[in-house]
A.B. asks: 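Please read through the structure below; I'll follow up with questions.
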Protein chains: 2
Amino acid sequence: MKQLRVLEQPCCAPGAPPLAKGSAQALADRFKALSDPARVSIVNLIAGRSQLCTCQLTAPLGLSQPTVSHHLRVLREAGLIEVALKRGTMTFYRLVPEAMEQLAFAIGGGPAPAGVLVTRERAAAW
Amino acid sequence: MKQLRVLEQPCCAPGAPPLAKGSAQALADRFKALSDPARVSIVNLIAGRSQLCTCQLTAPLGLSQPTVSHHLRVLREAGLIEVALKRGTMTFYRLVPEAMEQLAFAIGGGPAPAGVLVTRERAAAW
DNA sequence: CTGATACATTGATGACCGTCAATGAAGCAG
DNA sequence: CTGCTTCATTGACGGTCATCAATGTATCAG
């Protein structure tokens, strides 16, 4: 996974300071991970259920299991999701809230509204 | 330009409600517009200078003029930038702050920190 | 050990994307 | 009108991506 340098300032909102070349690439890589509707839906589904396994995604997405696995890999390599737990033959994934927050910050989003974000610990409670 | 339905809730942050299929596509389209480092840099450059013309972008990006024009078109069709002004043979572009804010909101970003965002009117003052 | 389940990986295929040279369009200077 | 500048569009080429069938890997039940 490629590390995204923590930005001091939003880079893509009005009044932004110049952006280093490497940071542009790192940001583009993460946006690319969200540039497919299937992956946006995966993030949304995981966000709503704290965590879920691959087998719970094929039906709502209408995609084959290898394709879902592929999208999960892209999201994982972008640092947006991670493996929460392996139980038996099942693999559960969860969000990496910090990564999403950094992305929101980059395009000018401030701290999330209270009550919307839950802690990673609560998400892991399952 | 495809209209992005205004989301009632963040869709890609912990605790998000289910996302409509069309919304996933609309979001993915906008993220795709930011999935190239050249386009991230363009947004960053425009954000920092209020508005810029095409000829001011080729040098810092190290890309040919047709390529820059192509990227500007992608960003414009995604609704992230718009033509601010045509003066003579030059075309000036500016951000569409609402579009960036909606994107930030979708992934869990709240209102922008005070002092970072400037109004569209000030940006247009040039 | 055998069969079944859940997932990841590989390979192949069709579609899409980024890039630039060449060309077109539109405005300005003289 | 002529030439110059700025920008958009077209066409072409090489590379990347999304998708699925087939296969491999690992775990569990019996």
Side-chain angles (χ1 to χ4, degrees), chain A residues 1-2 21 24-43 45-46 49 51-78 80-94 126, chain B residues 1-2 21 24-43 45-46 49 51-78 80-94 126:
Chain A
M1 161 194 166
K2 202 167 186 177
K21 193 170 186 178
Q25 179 69 62
L27 276 172
D29 286 342
R30 288 199 167 174
F31 284 126
K32 182 179 295 185
L34 292 175
S35 69
D36 186 280
R39 290 196 288 269
V40 171
S41 296
I42 287 176
V43 170
L45 288 168
I46 295 180
R49 307 267 294 266
Q51 60 184 18
L52 34 84
C53 62
T54 312
C55 62
Q56 294 175 285
L57 288 168
T58 57
L61 295 175
L63 294 173
S64 71
Q65 176 267 318
T67 301
V68 172
S69 245
H70 162 69
H71 287 307
L72 286 170
R73 189 197 341 211
V74 172
L75 288 169
R76 182 162 35 87
E77 291 180 344
L80 299 181
I81 67 174
E82 62 189 359
V83 173
L85 156 77
K86 291 200 179 195
R87 184 167 301 201
T89 66
M90 294 186 287
T91 305
F92 290 86
Y93 291 88
R94 68 173 163 228
W126 181 38
Chain B
M1 162 194 165
K2 202 166 185 177
K21 193 168 186 177
Q25 179 69 62
L27 277 172
D29 287 343
R30 288 198 166 175
F31 284 126
K32 183 179 294 184
L34 293 174
S35 70
D36 187 280
R39 291 196 287 268
V40 170
S41 295
I42 288 176
V43 170
L45 288 168
I46 296 180
R49 308 266 295 267
Q51 60 185 16
L52 290 176
C53 63
T54 311
C55 62
Q56 294 176 285
L57 288 168
T58 57
L61 295 175
L63 294 174
S64 71
Q65 175 267 317
T67 301
V68 172
S69 247
H70 163 69
H71 287 308
L72 286 170
R73 180 172 29 186
V74 172
L75 288 170
R76 182 162 35 86
E77 291 180 343
L80 299 180
I81 67 174
E82 62 189 357
V83 174
L85 156 77
K86 291 200 179 196
R87 184 168 300 200
T89 66
M90 293 185 288
T91 305
F92 290 86
Y93 291 88
R94 69 172 162 230
W126 182 40

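Here is how names work: the chains are called A, B, and so on, in the same order as the sequence lines, proteins then strands, and each is numbered from 1.
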A.B. asks: Output yes when at least one side-chain N/O atom of A/H71 is less than 4.0 Å from OP1 or OP2 of D/dC17, else no.
C.D. replies: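 So the side chain of A/H71 is outside the cut-off, no N or O lying under 4.0 Å from OP1 or OP2 of D/dC17.
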A.B. asks: Between D/dT10, C/dG18, D/dT6, which nucleotide gets closest to the side-chain atoms of B/D36?
C.D. replies: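 For the B/D36 side chain, the nearest candidate turns out to be C/dG18.
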A.B. asks: Is the shortest heavy-atom distance from the side chain of A/L52 to the side chain of A/Y93 under 4.5 Å?
C.D. replies: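 SC-SC contact between A/L52 and A/Y93 ruled out.
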A.B. asks: Tell me whether the OP1 or OP2 atom of D/dA18 has a side-chain N or O from A/R39 closer than 4.0 Å.
C.D. replies: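 True: A/R39 side-chain N/O within range (under 4.0 Å) of D/dA18 OP1/OP2.
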A.B. asks: Quick one: does A/S41's side chain have a donor or acceptor within less than 3.5 Å of a partner on A/P37's backbone?
C.D. replies: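 A pair under 3.5 Å: yes.
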A.B. asks: Kindly give the atom pairs (protein nitrogen or oxygen, nucleotide nitrogen or oxygen) under 3.5 Å for nucleotides 14-16 of chain D.
C.D. replies:
none

A.B. asks: Sub-3.5 Å donor-acceptor pair from the side chain of B/R39 to the main-chain atoms of B/H71, do we have one?
C.D. replies: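 Here the side-chain-to-backbone pair does not exist.
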A.B. asks: Mind calculating the distance between CG (A/L34) and P (D/dA18) to the nearest angstrom?
C.D. replies: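 One finds 12 Å between P of D/dA18 and CG of A/L34, rounded.
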A.B. asks: Mind calculating the distance between CD1 (B/I81) and C1' (D/dC7) to the nearest angstrom?
C.D. replies: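 Rounding to the nearest Å, CD1 of B/I81 and C1' of D/dC7 are 13 Å apart.
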A.B. asks: Does a side-chain N or O of B/Y93 approach OP1 or OP2 of D/dA8 to a distance below 4.0 Å, or not?
C.D. replies: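 Checking D/dA8 against B/Y93, a side-chain N or O does come within under 4.0 Å of OP1 or OP2.
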A.B. asks: Heavy atoms within less than 4.0 Å of DNA chain D: which residues of residues 53-66 of chain A have one? Give them sorted by number.
C.D. replies: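 Result for residues 53-66 of chain A: A/L63, A/S64, A/P66, sorted by number.
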A.B. asks: So which atom in B/R87 and which in B/F92 form the shortest heavy-atom distance, rounded to 0.1 Å?
C.D. replies: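 For B/R87 versus B/F92, the nearest heavy atoms are CB-CE1, 4.4 Å.
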A.B. asks: Hey, is the main chain of B/I81 close enough, under 3.5 Å, to the side chain of B/R76 for a donor-acceptor pair?
C.D. replies: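 Judged by distance alone, no pair lies under 3.5 Å.
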A.B. asks: Less than 4.5 Å apart, side chain to side chain, heavy atoms only: is that true for B/Q56 and B/R49?
C.D. replies: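 Yes; the side chains approach each other to less than 4.5 Å.
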A.B. asks: Roughly, in whole Å, what's the span from NZ in B/K86 to P in D/dA8?
C.D. replies: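 One finds 7 Å between P of D/dA8 and NZ of B/K86, rounded.
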A.B. asks: On DNA chain C, does the nearest nucleotide to A/M90 precede the nearest nucleotide to A/R73 from the 5' side, or the other way round? Give the residue.
C.D. replies: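 Whichever sits nearer the 5' end wins; that is A/M90.
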A.B. asks: Round to the nearest Å and state the distance from B/E77 atom CD to C/dG18 atom P.
C.D. replies: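 After rounding, the reported distance stands at 12 Å.
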A.B. asks: Taking only Lys NZ, Arg NE, NH1 and NH2, and the carboxylate oxygens of Asp or Glu, determine whether B/R94 and B/E82 approach each other closer than 4.0 Å.
C.D. replies: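 Salt bridge present between B/R94 and B/E82.
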A.B. asks: Roughly, in whole Å, what's the span from NE2 in B/H70 to P in D/dG11?
C.D. replies: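 These atoms are roughly 16 Å apart.
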A.B. asks: Are the side chain of B/E77 and the backbone N or O of B/V74 linked by a donor-acceptor pair below 3.5 Å?
C.D. replies: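 No, B/E77 side chain to B/V74 backbone: no donor-acceptor pair under 3.5 Å.
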A.B. asks: For B/R87 and C/dA29, what is the distance between atoms CZ and C1' respectively, to the nearest whole Å?
C.D. replies: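 Spelled out: CZ on B/R87 to C1' on C/dA29 is 18 Å.
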A.B. asks: Has the side chain of A/S69 got a donor or acceptor atom that lies under 3.5 Å from a matching backbone atom of A/P66?
C.D. replies: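 Not a single qualifying donor-acceptor pair exists.
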A.B. asks: Under 4.0 Å between a side-chain N/O of A/T67 and OP1 or OP2 of D/dC20, yes or no?
C.D. replies: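 Answer yes for this pair, as a side-chain N or O of A/T67 is under 4.0 Å from OP1 or OP2.
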A.B. asks: Please determine whether a side-chain nitrogen or oxygen atom of A/S69 lies at a distance below 4.0 Å from atom OP1 or OP2 of C/dA8.
C.D. replies: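 Yes, within the criterion.
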